[in-house]
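To start, the structure itself, in structure tokens.
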Amino acid sequence: MRAPHWRKTPGALRNAGVSRSYLRARGKPRIRGFPAVFEGQMQLRLRGSRPFWRPFHRSFASEPVSVFDRHAKRRHRDFAATRMRARPATADSKLHNLKYEVASHLLDRLEDIKRDFPYALDVGCGLGHVREALRSVPGAGGIETLLQTDCSREMVRFCQESQSTAASGDLALRYLVADEEFLPFQDDSFDLVLSSMAMHWVNDLPGMLLQVRRCLKPDGAFLGAMLGQSTLDELRVSLLLAEQEVESGVSQHISPMTQMSDVAGLVWGAGFRLPVVDYDTYTLEFQDMYELMRELRHAGDGNAAIGRRAGMVVESAPLMDCFMGPCRRHFVPRATFDRAAEIYADKFGNANGTIRATFQVIYMIGWKEHESQQKPLKRGSATAKLRDVLEKDDEAK
């Protein structure tokens, strides 16, 4: 009987000292996209989990770590857009007002730049907060055409439908469904790229910044705003303490955020010149923890981290138990949320009975390289000594 191909020892494995008995003990490797093991196309991982063969062409490339479930985040944003279309009154919610204020502050930084950007791109447009901020400040940045993109088809559809209900003035609007991690644009396409409150859901943030720089024209500008690490610290602490007390364990309920120092390094590492990074802290008040969680869900900002636990406990059906096992273990008990609400009100409550929630927003700006930009002088080209300048200042005092 002829042995299966996976029991044959390739030359590369034979040279590494791996026998057929070792392969039998490990079992059949799980190889995706390769029907057989060919010498030179696979490499052996002697340590680690299966599969211990990997494609050779990916062995030397660094793979981005997937922190967020992009499909879940797309569903969250679809739900937020559908709900906004059905209930327009929810546009006055606190989180929507916060996103509009962040977009306005982002454009305030644009007004300090004394030049025009005719063709602009809005990455992760959401419900169109950047567009609304542009309407309140006509002619900001000299933007004539704004291309709005989002990974959610319902978000883009909402922006298209809301365009007919409000006058756009001289601003021409275009729409495209595109993922923030895969920008389908040619090089040197835009004068300005904006991204407001969408970058903190991106898995490969360095890759996205590289794509943004590629899409910009020489001397083009990038302005972004994203949530920082200190966002929702009160909710994170309350859920951790309640889960430890009720379930004797902890799990992740708040999506991980990026530190400001890391953002500065990412912007510079992506090749942007003259980078500037700063942050603002916003504090909102809610009636209780449940109102905060509802607003996060309705705004499409629910937890999308991989490995997250579901919201409330539900009784699983017998048929579901047969195929998936009891579903109760994957859900957070109601007692944990009730205890978290008590801890939240006790530790982070206000005198008027409300609770506070902190949102740290990191703003960044960078430029694509151009000959006209400021450049540091060559090392050793100075004509004066710093010591002489300091001595003159001391004598003047």
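Residues: numbered from 1 along the sequence shown. In this text, all values refer to a predicted model and were calculated from it rather than measured experimentally.
- A donor-acceptor pair is defined here as one N or O able to donate and one able to accept, closer than 3.5 Å; such a pair exists between the side chain of Gln252 and the backbone of Ile254.
- With hydrogens and angles ignored, the 3.5 Å screen pairs a side-chain donor or acceptor of Glu234 with a backbone N or O of Thr358.
- Between Ala80 and Met155, the shortest heavy-atom distance links the atoms CB-CE, 4.1 Å.
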Passes side-chain contact (heavy atoms from CB on, under 4.5 Å), Val193 versus Phe185? Steps please.
CA-CA 12 Å; Val193 175; Phe185 304 110; over 6 Å; no
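- The shortest distance between side-chain heavy atoms of Val156 and Gln148 does not fall below 4.5 Å.
- One finds no salt bridge joining Lys94 and Glu295 here, because no Lys/Arg side-chain nitrogen approaches an Asp/Glu carboxylate oxygen to under 4.0 Å.
- Of the possible donor and acceptor atoms, one in the side chain of Thr231 sits under 3.5 Å from a partner among the backbone N and O of Gly228.
- For the residue pair Thr354 / Asn352, a side-chain donor-acceptor distance below 3.5 Å is found, with atom types taken as modelled.
- Between atom CD of residue Glu101 and atom OG of residue Ser196 there is a gap of 11.0 Å, rounded to the nearest 0.5 Å.
- A single hydrophobic cluster is seen to contain both Tyr279 and Val267, as judged by linkage of ILVMFWY side chains at heavy-atom distances under 4.5 Å, directly or through other members.
- At a threshold of 4.5 Å between non-hydrogen side-chain atoms, the residues Arg109 and Ile365 do not count as touching.
- A distance-only check finds a donor-acceptor pair linking the side chain of Gln360 to the backbone of Gln229 [under 3.5 Å].
- Side-chain contact between Ser251 and Glu243: present, with at least one pair of heavy atoms (C-beta onward) separated by less than 4.5 Å.
- Residues Val202 and Phe68 fail the side-chain proximity criterion, which asks for heavy atoms closer than 4.5 Å.
- Between Asp78 and Arg75, none of the side-chain N atoms (NZ, or NE/NH1/NH2) sits under 4.0 Å from a carboxylate O, so this pair counts as no salt bridge.
- When every heavy atom of Val361 is checked against every heavy atom of Ala225, the shortest pair comes out as CG1-CB, 4.1 Å.
- Listed for the Asn203 side chain is a donor-acceptor partner under 3.5 Å among the backbone atoms of Val67.
- Separation of atoms CG (Leu194) and CG (Leu107) is listed at 6.5 Å; rounding is to 0.5 Å.
- Of the possible polar contacts, one joining the Gln211 side chain to the Glu181 backbone as a donor-acceptor pair under 3.5 Å is found.
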List the steps, then state whether side-chain contact (heavy atoms from CB on, under 4.5 Å) holds for Ser66 with Ile306.
CA-CA 8 Å; Ser66 295; Ile306 296 178; 3.8 Å; yes
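- Side-chain contact between Leu232 and Leu292: present, with at least one pair of heavy atoms (C-beta onward) separated by less than 4.5 Å.
- Across Phe272 and Gly366, no two heavy atoms sit closer than the pair CD2-C, 3.7 Å.
- By the criterion of side-chain heavy atoms lying less than 4.5 angstrom apart, applied directly or through intervening Ile, Leu, Val, Met, Phe, Trp or Tyr residues, Ile143 is not grouped with Leu147; the two fall into different hydrophobic clusters.
- Taking CG from Asp233 and OG from Ser238, the interatomic distance works out to 10.5 Å, rounded to the nearest 0.5 Å.
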Walk me through whether Leu95 and Leu284 qualify under side-chain contact (heavy atoms from CB on, under 4.5 Å).
CA-CA 9 Å; Leu95 288 184; Leu284 304 182; 4.0 Å; yes
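- The shortest distance between side-chain heavy atoms of Asp346 and Ile343 does not fall below 4.5 Å.
- Hydrophobic clustering of Ile, Leu, Val, Met, Phe, Trp and Tyr side chains at less than 4.5 Å, counting indirect connections, unites Leu235 with Phe359.
- Between Ser162 and Cys159, the closest heavy-atom pair is OG-O, 3.1 Å.
- Heavy atoms only, all atoms of each residue included: Gly302 and His76 are closest at O-ND1, 3.8 Å.
- When the side chains of ILVMFWY residues are joined at heavy-atom separations under 4.5 Å, either directly or via intervening members, Phe190 and Leu106 end up in two distinct hydrophobic clusters.
- The pair Glu180-Arg70 meets the salt-bridge criterion, since a charged nitrogen lies less than 4.0 angstrom from a carboxylate oxygen.
- Looking at heavy atoms from C-beta onward, Leu110 lies out of side-chain contact with Val137 at the 4.5 angstrom threshold.
- Between Phe79 and His298, the angle of the ring planes lies from 30° to 60°, which puts this pair in the tilted group.
- A donor-acceptor pair under 3.5 Å is formed between the side chain of Lys73 and the backbone N or O of Gly300.
- Side-chain N or O atoms of Asn303 include one that pairs as donor or acceptor with a backbone N or O of His253 at under 3.5 Å.
- Using modelled atom types, one side-chain atom of Arg273 and one backbone atom of Gly271 make a donor-acceptor pair closer than 3.5 Å.
- Taking each heavy atom of Ala178 and Pro184 in turn, the nearest pair found is CB-CD, 3.8 Å.
- Checked for salt-bridge contact, Arg294 and Glu291 miss the test: no charged N lies under 4.0 Å from a carboxylate O.
- From Cys215, atom SG reaches atom CG of Leu192 across 12.5 Å, with rounding to the nearest 0.5 Å.
- Proximity of a side-chain donor or acceptor of Tyr344 to a complementary backbone N or O of Arg356 within less than 3.5 Å is detected.
- The OG1 atom of Thr82 sits 5.5 Å away from the CZ atom of Arg85 when rounded to the nearest 0.5 Å.
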Could you walk me through whether Met199 and Leu205 satisfy the side-chain contact (heavy atoms from CB on, under 4.5 Å) test, starting with their C-alpha distance in whole Å, then the side-chain angles of each, then the deciding distance to 0.1 Å, before giving a yes or no?
CA-CA 7 Å; Met199 296 174 58; Leu205 189 56; 3.6 Å; yes
Atom pairs and distances, donor-acceptor, side-chain atoms in residues 114-129, under 3.5 Å, two or more places apart:
residue, atom, partner, partner atom, Å
Arg115, NH1, Asp219, O, 2.7
Arg115, NH1, Asp219, OD2, 3.1

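- Under the 4.5 Å side-chain heavy-atom criterion for grouping Ile, Leu, Val, Met, Phe, Trp and Tyr, Met257 is connected to Tyr282 within one hydrophobic cluster.
- Annotation: the span from Leu266 atom CG to Met364 atom CE amounts to 8.5 Å, rounded to 0.5 Å.
- Put simply, the side chain of Asp301 does not reach to within 4.5 Å of the side chain of Leu227, judged on heavy atoms.
- Between Asp187 and the choices Arg214, Lys368, Lys217, Arg213, the salt bridge (charged side-chain N to carboxylate O under 4.0 Å, His left out) rule is met once, by Arg214.
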